[in-house]
Amino acid sequence: MIVMKFGGTSVQDASAIRRVCSIIKSRLDRNPAVVVSAMGKITDELLALAEAAAKKDRQKMLQSISAIFQRHENVIADLNIANDPELEQALEKAQNDLTTIAEKIFHAGQLTPHLSDQLVSMGEFLSANILAAYLRTQNINGAFVDARDVIVTDSQFGKALPLFAESQERAKANLEPILRQKAVPVLQGFVGMDTYGRTTTLGRGGSDYSATFIGSLLKAEEVEIWSDVDGILTADPTLVPEAKRIRFMSFQEAAELAYFGAKVLHPNTLLPAIERGIPVYVLNSTRPDDSGTLITYNGIKSRQYIVKSIAYKEDITIITVTSTRMLMAHGFLATIFDIFDRYQTPVDLVSTSEVSVSMTIDQTGKLKDICRELDRFSQVDVEHEKAIVCLVGEGMKNTPGMATRIFSVLGDVPIHLISQGASEINISFVIDQKRLKEVVTSLHNKFFSGELDPNIFAV
Ligand code: ADP
Ligand code: ASP
Ligand code: MG
């Protein structure tokens, strides 16, 4: 069997959903399970709705609920599926739930992470039900399966992590029988349920992670991530329009890229695939016959083309801790990282000197608390509006002079922190965010404007 995941743009309107249906049709002999995101922009609208409710803006809250439903109803009318009894029921439930949750937030006057997840999960509930109903009208036995009956997660609302053993039991009970009947299960991406039965979400863009996780539960032969780009490209096309498609990548390379901000894949997407050795394709739902990017254990290595892609992460904060107590002392770094750990704030890049340590973070929710604690034994400096730029490629490992080649194009751009990943397949550094486009464009020119290896890049 295979898992097929369709992102927000791939299901954004009726014609997109028709395209998705024909893509699924072309794969029926492979026994697909389908994972779907909310229709494009709906998650943002749900979050805005939650905020309006928390601010007690009733007018905006009600307008927003009705706009969200109108958009789905238009698609349902266009697809001519309004009479599907299961869909009708789902729609009614969604309308009730959405109104009830919004009212709860309104009365509380604040948004708890739990209520936020409940509300925002409605986007995927609607899109998955619509797609399943449309498949049924096209002679495909589409069956909505609630992801909450399959994916068990921990209780970190907004960034929950799926639990394998617990989920595997549920997949056996709730998903495998449907696949055995040769029906096509359609599940919400992004959404899970904790062990207390509460709705959770896996973080923005989390449907990719749902797809590979479900793939690992079902021992899928492959996972297909269908999006609005031709595959993984040499850079984000919104920053570098001439970016090229990468035909093959290794798990390691794609995982680094995803972690360092390439939005095309949620940062955790590759983890389940790596554990079970499941090949992952990234494909374009508007060009289903193209071959996309294939991510496998080995990828294809090329000595000649050492850098495969450039990723970036914005809104980065640098924290520099300086203390003479660090000189010759052991345990100092442990003390610092223990503080970040207690405030559940991941550190991305680290660089040390004799008396100071600089670290980058992208979650600043607990920054004040962290600084207060660090302040007890050191001087703390905080700098905002930074960006991490990350170059990834297996071939970088054995190539001397990489750093020189990279930094020679940066001219007068101040570099705040440099890190060569322990795996040696990435080099990352921090710059001022305002120089981001310029830096990524110059690096892209340097590494990708010449003749490219056709075995690796689509040229
Ligand atoms: P989906 O809704 O299908 O999950 P996303 O918007 O989450 O799609 O991800 C696709 C987007 O990722 C692309 O439109 C592109 O702007 C962005 N992106 C960033 N880096 C890359 C990259 N290296 N390759 C391809 N796309 C990238
Ligand atoms: N709909 C969610 C989001 O916009 C999850 C996803 O698209 O993967 O973040
Ligand atoms: Mg996405």
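Treat the numbers as computed from the prediction; the structure is a model and nothing was measured. One-based numbering, in listed order, for ligands and for the atoms of each.
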**Asked** If we only count N/O pairs under 3.5 Å, is Pro237 in contact with ligand 1?
**Response** no
**Asked** Mind checking whether Ile2 and Val223 have side chains closer than 4.5 Å, heavy atoms only?
**Response** no
**Message:** If the contact criterion is a heavy-atom separation under 4.0 Å, does Gly7 count as touching ligand 2?
**Reply:** no
**Asked** Is there a heavy atom of Gly205 sitting under 4.0 angstrom from any atom of ligand 2?
**Response** yes
**Asked** From Gln252 CD over to Leu270 CG, what is the distance, rounded to the nearest 0.5 angstrom?
**Response** 9.5 Å
**Item:** NZ/NE/NH1/NH2 to OD/OE distance under 4.0 Å, Asp236 and Lys263
**Value:** no
**Prompt:** Regarding Asn284 and Thr286, is there a side-chain donor-to-acceptor distance under 3.5 Å anywhere?
**Reply:** yes
**Prompt:** Is it true that the side chains of Glu92 and Asn96 contain a donor and an acceptor less than 3.5 Å apart?
**Reply:** no
**Prompt:** Do Thr317 and Thr364 have side-chain N/O donor and acceptor atoms under 3.5 Å apart?
**Reply:** no
**Message:** Could you identify the single nearest non-hydrogen protein atom to atom 4 (O) of ligand 2 and state the distance to 0.1 Å?
**Reply:** Arg204 NH2, 3.0 Å
**Item:** Contact check, His266 vs ligand 1, heavy-atom distance below 4.0 Å
**Value:** no
**Item:** Heavy-atom nearest neighbour in the protein, as seen from atom 11 (C) of ligand 1, with distance rounded to 0.1 Å
**Value:** Asp228 OD1, 4.0 Å
**Complete:** The reported gap from CG in Asp348 to CD1 in Ile316 (rounded to nearest 0.5 angstrom) is 5.5 Å
**Request:** Would you mind listing which atoms of ligand 1 come within a distance below 4.0 Å of any non-hydrogen atom of Ala235?
**Result:** 22 (C), 23 (N)
**Message:** Does ligand 1 come near enough to Ser227 that some N or O of the ligand is less than 3.5 Å from an N or O of the residue?
**Reply:** yes
**Protein heavy-atom partner closest to atom 6 (O) of ligand 1 - residue, atom, separation in Å** = Lys263 NZ, 3.0 Å
**Prompt:** Got a sec, which residues hit ring pair (Phe, Tyr, Trp, His ring centres under 6.0 Å) with Tyr281, two or more places apart in sequence or on another chain?
**Reply:** none
**Taking atom 7 (O) of ligand 2 as the reference point, the nearest protein heavy atom with its distance** = Ser37 OG, 3.1 Å
**Prompt:** Which residue and non-hydrogen atom of the protein lie closest to atom 23 (N) of ligand 1, and at what distance in Å?
**Reply:** Leu233 O, 3.1 Å
**Asked** Quick one: does Ser10 get an N or O within less than 3.5 Å of an N or O on ligand 1?
**Response** no
**Message:** Regarding atom 16 (O) of ligand 1: of the candidates Ile232, Asp236, Val11, which has the closest heavy atom?
**Reply:** Asp236
**Asked** Atoms of ligand 1 less than 4.0 Å from Gly231 heavy atoms?
**Response** 24 (N), 25 (C)
**Lys5 contact mode with ligand 1 (heavy-atom cut-off under 4.0 Å)** = side chain
**Complete:** among protein heavy atoms, the one nearest atom 6 (C) of ligand 2 is Ser207 OG, 3.3 Å
**Side-chain ion pair, Arg148 and Asp146, N-O less than 4.0 Å** = yes
**Asked** Would you call the rings of Phe457 and Phe448 parallel, tilted or perpendicular, where under 30° means parallel and over 60° means perpendicular?
**Response** perpendicular
**Message:** Looking at every non-hydrogen atom in both residues, tell me the closest pair between Ala160 and Thr200 and how far apart they are.
**Reply:** CB-CB, 3.7 Å
**Asked** Any N or O on Thr234 sitting closer than 3.5 Å to an N or O of ligand 1?
**Response** no
**Asked** So Phe6 and Trp226, would you call those rings parallel, tilted or perpendicular, with 30° and 60° as cut-offs?
**Response** parallel
**Thr238: numbered ligand 1 atoms lying under 4.0 Å from its heavy atoms** = 16 (O)
**Distance-only N or O hit between ligand 1 and Gly8, under 3.5 Å** = yes
**Request:** Output the list of atoms in ligand 1 that are nearer than 4.0 Å to some heavy atom of Val229, sorted by atom number.
**Result:** 13 (C), 14 (O), 25 (C), 26 (N)
**Message:** Looking at non-hydrogen atoms alone, which of Val264, Ile310, Asn284 comes nearest to atom 9 (O) of ligand 1?
**Reply:** Val264
**Message:** Would you call the rings of His72 and Phe69 parallel, tilted or perpendicular, taking 30° and 60° as the class edges?
**Reply:** tilted
**Asked** Are any of the N or O atoms of Thr43 closer than 3.5 Å to those of ligand 2?
**Response** yes
**Asked** Among His266, Gln188, Glu124, which one has a heavy atom closest to atom 5 (C) of ligand 2?
**Response** Glu124
**Asked** Quick one: does Phe190 get an N or O within less than 3.5 Å of an N or O on ligand 2?
**Response** no
**Prompt:** Is it true that Asp44 and Arg204 have a side-chain N and a carboxylate O under 4.0 angstrom from each other?
**Reply:** yes
